[in-house]
Every structure is written in C-alpha cells, then in structure tokens.
2 protein chains.
Amino acid sequence: MTEVVEDPISPEQDLGSDGAVDAGIYQQILQDILEGRLTANERLKVRALAERYGTSTNPIREALQQLRGEGFVLFTANRGARVRPIDEDFARDIYEVEAQIEPYLTSWFVGIATNDDIRRLELVQDEIEALGFDDPLRHSELDTQFHQIIYDGHYNRHAADLWWRHREILRAIARRFPYSMVRRKEIISEHRQIIEKIRLQDAAGAAEVVRMHIMGSGRHIVEHMRSARIRKL
Amino acid sequence: MTEVVEDPISPEQDLGSDGAVDAGIYQQILQDILEGRLTANERLKVRALAERYGTSTNPIREALQQLRGEGFVLFTANRGARVRPIDEDFARDIYEVEAQIEPYLTSWFVGIATNDDIRRLELVQDEIEALGFDDPLRHSELDTQFHQIIYDGHYNRHAADLWWRHREILRAIARRFPYSMVRRKEIISEHRQIIEKIRLQDAAGAAEVVRMHIMGSGRHIVEHMRSARIRKL
DNA sequence: AGTTGACAGATAATGTACGATCTGGAAAGT
DNA sequence: ACTTTCCAGATCGTACATTATCTGTCAACT
C-alpha cells in the first residue's frame with residue numbers, strides 16, 4: 001500500500017506539514033526494513049539506495065550508520081551494510097527484555113497516577129473495545145496510546161526510549177498478522193486488570209499483569225512468525 | 001597466573017594504549033566522550049574533529065551518526081551534533097534498567113551453568129579478592145569478566161548487547177571514582193553470594209542478589225557523581 | 001578431463017575535496 | 001535601543017579518488 005499513514009505517535013517528529021516527501025532518509029529506510037520491503041540480510045548498497053530515495057550517497061551512508069547504532073543494520077568492514085534479520089529469535093529477545101522493563105515502568109506509574117490518568121486509560125480502553133479489532137491499524141494506535149499514557153511521564157527517559165524503540169519493531173512485525181480470538185479476549189481482560197491494579201495502587205500486582213501481558217503478546221507474535229515461516233517452506 | 005592480559009573485556013577493540021592505532025574513529029570519539037575529554041553538551045564540529053583524529057570529514061560524520069543511533073550524541077537539524085550529557089540522571093536511568101535486565105539474564109544462566117562455569121567464576125573472584133582494589137583498572141576488568149561469564153552465552157543476544165553497552169558507560173563513569181571501604185566489602189560479599197546461589201541452582205535467589213548488586217553499585221556511582229558535582233560549585 | 005590457483009576487470013565500500021545552504025551574531029542604519 | 005543587513009562559519013549534499021572485495025577466465029597441475 002502506498003498509503004503511508006504517518007504514525008500519529010512518534011514523540012518528537014514534527015513532519016513538516018504536508019507532502020514533505022523527504023521525512024528523512026533515515027525514517028524511510030527504517031520503515032522499509034520494518035515493513036519488509038528490504039528483506040532480511042539484503043545487502044544495502046549505497047548507490048542503489050541513493051537512486052531509490054532520490055538523493056546522493058552521503059545521506060544514505062549516514063542514515064545507515066545511524067541504523068547501525070540502533071541495531072537495524074549490520075556492517076562488515078569493507079563489505080558494507082546489510083539488513084539485520086528480524087526473525088523469531090530477535091522478536092523473542094525484544095519482548096523478553098520488555099517483559100522486564102515494562103513492569104518496572106508500570107510499578108512506578110502506580111505511585112503517581114491521578115484519577116485523571118486512570119480516566120484517560122479507561123477512555124482509551126473503551127474505544128479499543130468499541131472498535132473491536134476490525135481496524136488493525138487503528139487498534140495498534142490505541143493500544144500504543146494505552147501504554148504510552150503509563151510510560152510517557154516516567155523519569156527514566158532512557159527506559160522509555162528503549163520501550164518506544166522496541167514497540168516500533170514489534171508493531172511493525174505484528175502488523176503482518178491478525179489477532180486470534182483468544183488473544184483479543186486476553187488483551188481486553190489484561191488491560192482492564194491493569195487499570196484495576198492501578199486504581200487499587202497495587203504496584204506489584206500491576207507489574208505482574210503487565211509482565212503477563214507482554215509475554216502473551218510476544219508469544220502470539222512469535223507463533224505467527226513461526227507459522228508463516230513454515231508455511232513458506 | 002595466566003598473566004596474559006588478553007583483554008578480557010572488549011570483544012574486538014584493539015586499544016594499543018598509546019600506539020594511536022586507528023581502532024576506528026568511532027571508538028576514539030566514544031572513548032573521548034566517556035572519559036570526559038569531550039564534555040557535556042560540547043558541540044562536535046566535524047572539521048575540528050577531522051583535524052583532531054587526522055582524517056577527513058566523512059568518517060567523522062558517519063561515526064557521529066552511529067553514536068547518535070546509540071544515544072551518545074544529539075543532533076539538531078542544520079546545527080550538527082553535541083555531546084549528550086552523561087549526568088546523574090542518565091547514570092541512574094541506566095543502572096535501573098540493568099537492575100531489571102541482569103537478574104533476568106542471570107536466572108537463565110543458573111539453569112545451564114556447569115561445574116566448570118562455577119569454577120571459572122570462583123577463579124575470577126579469587127583473583128579479585130587477591131588483588132584487592134589497589135589497581136582500579138585491573139579490578140574493573142576482572143569485575144567485567146565475572147559478569148561476562150554469566151551473560152556471554154545467553155541466547156538473548158539483544159539483552160546481552162544492551163548489557164555490554166550499559167556496562168561500558170557505567171565503567172567509564174566509575175573509573176573517575178574510588179571505591180569506598182564499605183562498597184568493597186559489599187562487592188565481594190555479593191559476588192560470593194551469587195556464586196553460591198548458582199551452585200544451589202536457586203535462580204530466583206541469584207536474580208535477587210544480582211538486583212541488589214546492581215542497585216548498590218549504581219547508587220554508589222550516582223552518589224559519587226553528585227558529590228563531585230557539588231564540590232565543583 | 002577436471003580441479004585448483006592466480007590474475008584481471010568489475011563492482012562497491014571507504015576516504016577526500018568542494019560547493020550549496022543554513023544559522024547566529026556582529027555591524028550598520030534608523 | 002531596535003531592526004535590518006551582511007558575513008563568517010558550519011552543516012549538508014554532490015562529485016570524485018582510492019582501496020578493497022568479488023567474479024570469471026585461463027593456465028598449470030594432478
């Protein structure tokens with residue numbers, strides 16, 4: 001699809017009004033990797049990319065270096081860059097790390113959450129349930145928003161950034177797959193439980209539910225990936 | 001003895017003390033940031049850096065982009081890069097994340113550790129205690145080695161990489177400060193406890209000790225930073 | 001004949017040089 | 001004192017040079 005809906009989420013990206021096809025070479029390459037247009041282990045030749053994105057080689061080289069720093073691209077000396085395979089192992093690695101970090105972020109939030117915060121969570125959750133899962137993109141946005149309410153004000157910016165980056169990756173992968181019926185019910189139930197634990201100011205309980213939530217979501221994704229991979233053989 | 005200083009630390013880094021071996025512009029800049037030779041918020045002008053490291057501008061630009069991806073430098077459009085301040089908040093953010101990740105890494109290790117692994121841990125720990133804390137650099141190496149034994153074989157490479165990066169940062173900061181007497185005793189005690197929990201195959205126990213270990217170490221560093229900052233006023 | 005190894009050309013990464021464009025601030029003008 | 005103009009300095013993009021790696025051919029050897 002050419003309908004690249006600018007993600008309504010990304011924190012500081014201001015995206016210059018309309019067209020502005022530029023949007024940064026970096027952003028474009030990253031999207032192409034996450035959406036699978038640049039496939040696993042594919043070689044990233046600077047001249048070809050320069051052609052593709054309508055620029056010269058230096059911006060490409062710099063974007064690739066940035067992506068290298070973020071771990072999306074692998075370099076070999078004198079042999080250039082290739083796309084880091086985003087396979088099941090990688091997805092598992094990420095959600096297991098998230099299963100450690102998000103409970104930590106959440107339990108702090110419990111201590112500072114106001115009634116207003118809880119109301120906002122409920123509003124988002126209401127919308128999620130009202131929407132059903134028919135519009136996956138919209139659901140993904142709302143789900144991100146739900147967790148963002150919890151993590152955004154955290155004093156640990158490093159952890160929050162980490163969360164955001166990981167989320168971006170998982171979201172891009174998950175976009176390829178539908179939610180099972182079971183998973184849908186779990187998501188709703190777990191979100192409600194999270195809200196409830198926050199309301200009760202039960203930090204440990206909230207952390208535990210979040211951990212379950214992440215693990216369940218992660219397993220769901222990995223199972224889909226495995227299934228899709230096997231189907232291809 | 002095995003006094004072969006086989007650089008047990010950095011995976012591929014050469015670091016020939018004063019040989020000024022190239023070692024990559026990236027490594028040099030990173031070291032200069034971590035060691036404080038490039039100070040917080042200092043502007044990183046490509047021309048100046050090119051001069052400094054004896055190369056031309058492109059390698060500098062690419063190294064800076066990589067560092068940007070890793071979060072060590074910040075960019076502003078059309079105004080280039082500056083050093084990300086590595087202050088107390090940043091250090092705290094990092095060690096709190098580590099306090100989540102390292103217990104997770106450790107508890108898995110407990111399940112696969114062999115007698116040989118335990119012996120290696122004990123050997124390193126023996127050396128740490130034999131050395132005392134007189135040679136801070138050597139101690140830092142050994143301490144890193146100790147934890148590396150535990151994390152290096154982990155299946156979650158992403159988490160292990162994260163650990164390594166965080167460790168590098170904290171190590172560079174900690175280098176500036178001495179260990180208090182209390183802290184020395186704690187370190188030794190905690191290491192011994194970790195070994196013991198591993199031997200007993202008590203994953204939860206090991207994880208908990210590690211968490212304490214990280215938190216203690218982190219607080220120690222932050223207190224030093226605070227003290228040093230206040231002293232400067 | 002088939003395999004191996006070395007050489008040459010092609011291809012692409014890495015480094016250097018330069019011009020276009022943007023920013024910030026000093027100097028000139030009101 | 002407050003704009004406005006202008007310029008020095010730096011970033012960002014383009015073009016080119018150098019160096020390393022890959023590929024295919026051909027000769028030498030088993």
J.: So is A/Arg68 actually on top of A/Phe75's ring, under 6.0 Å and inside 45° of the axis?
T.: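 Cation-pi check for A/Arg68 and A/Phe75: passes.
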J.: Are B/Tyr179 and B/His220 an aromatic pair, judged by ring center distance below 6.0 Å?
T.: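 Yes, the ring of B/His220 comes within the 6.0 Å limit of the ring of B/Tyr179, centre to centre.
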J.: Looking for any heavy atom pair under 4.0 Å, which part of the strands does A/Thr57 touch: base, sugar-phosphate only, or nothing?
T.: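 No contact.
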J.: Taking atom P of C/dA12 as reference, at what distance in whole Å does atom CZ of A/Arg82 sit?
T.: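 Value for this atom pair: 17 Å.
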J.: Would the number of heavy atoms belonging to other residues, nucleotides or ligands and lying under 6.0 Å from CZ of B/Arg47 be above 12?
T.: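 Result for CZ/B/Arg47: open.
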J.: Nearest whole angstrom, please: distance from the P of D/dT11 to the CD1 of A/Ile25.
T.: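 Interatomic distance, CD1 of A/Ile25 to P of D/dT11: 20 Å.
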J.: Start at the 5' end of DNA chain D and walk down; is the nucleotide closest to A/Arg47 or to A/Ser56 reached first?
T.: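 It is A/Ser56 whose nearest nucleotide is closer to the 5' end.
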J.: With distance as the sole criterion, do the side chain of B/Arg79 and the base of D/dG9 form a donor-acceptor contact below 3.5 Å?
T.: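 Not at all, since no donor on one side and acceptor on the other fall under 3.5 Å apart.
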J.: In whole angstroms, how far is the P atom of C/dT14 from the CD atom of A/Glu62?
T.: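 My rounded result for the distance is 14 Å.
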J.: Can a side chain N or O of A/Thr55 be found less than 4.0 Å away from OP1 or OP2 on D/dT14?
T.: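 Yes, because at least one side-chain N or O of A/Thr55 sits under 4.0 Å from OP1 or OP2 of D/dT14.
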J.: Choose from D/dT14, C/dT23, C/dT14 the nucleotide whose nearest atom is closest to any side-chain atom of A/Asn78.
T.: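 Nearest listed nucleotide: C/dT14.
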J.: Can you measure A/Arg43 atom CZ to D/dC22 atom C1' for me and round it to whole angstrom units?
T.: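 Rounded to the whole Å, the gap is 8 Å.
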J.: Is B/Asn58 touching bases, backbone alone, or none of the nucleic acid, heavy atoms closer than 4.0 Å?
T.: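 Base contact.
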J.: With nearest nucleotide decided by heavy atoms, which residue, B/Ala77 or A/Phe75, maps closer to the 5′ end of DNA chain C?
T.: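 Of the two residues, A/Phe75 wins.
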J.: Nearest of D/dA10, C/dT16, D/dT14 to any side-chain atom of B/Lys45?
T.: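 Output: D/dA10.
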J.: Below 4.5 Å, heavy atoms only, C-beta onward: do B/Met225 and B/Phe177 meet side chain to side chain?
T.: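 Contact flag for B/Met225/B/Phe177 side chains = yes.
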J.: Counting heavy atoms not belonging to A/Glu223, are there more than 12 under 6.0 Å from its CD?
T.: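 Yes.
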J.: Would you say the base of D/dG13 and the side-chain of B/Arg61 have a donor-acceptor pair closer than 3.5 Å?
T.: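 Side chain to base: pair present.
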J.: Expressed as a whole number of angstroms, how long is the span from B/Ile60:CD1 to D/dG13:P?
T.: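 So the two atoms are 18 Å apart, to the nearest Å.
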J.: Find the distance A/Gln65:CD to D/dC12:P and express it as a whole number of Å.
T.: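 Computing the A/Gln65:CD to D/dC12:P distance gives 15 Å.
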J.: I need the CG-C1' distance between A/Leu44 and C/dA13, as an integer number of Å.
T.: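 After rounding, the gap between these two atoms is 13 Å.
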J.: Can you check the B/Tyr53 OH to C/dG15 P distance for me, whole Å?
T.: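 So the OH-P distance, B/Tyr53 to C/dG15, works out to 16 Å.
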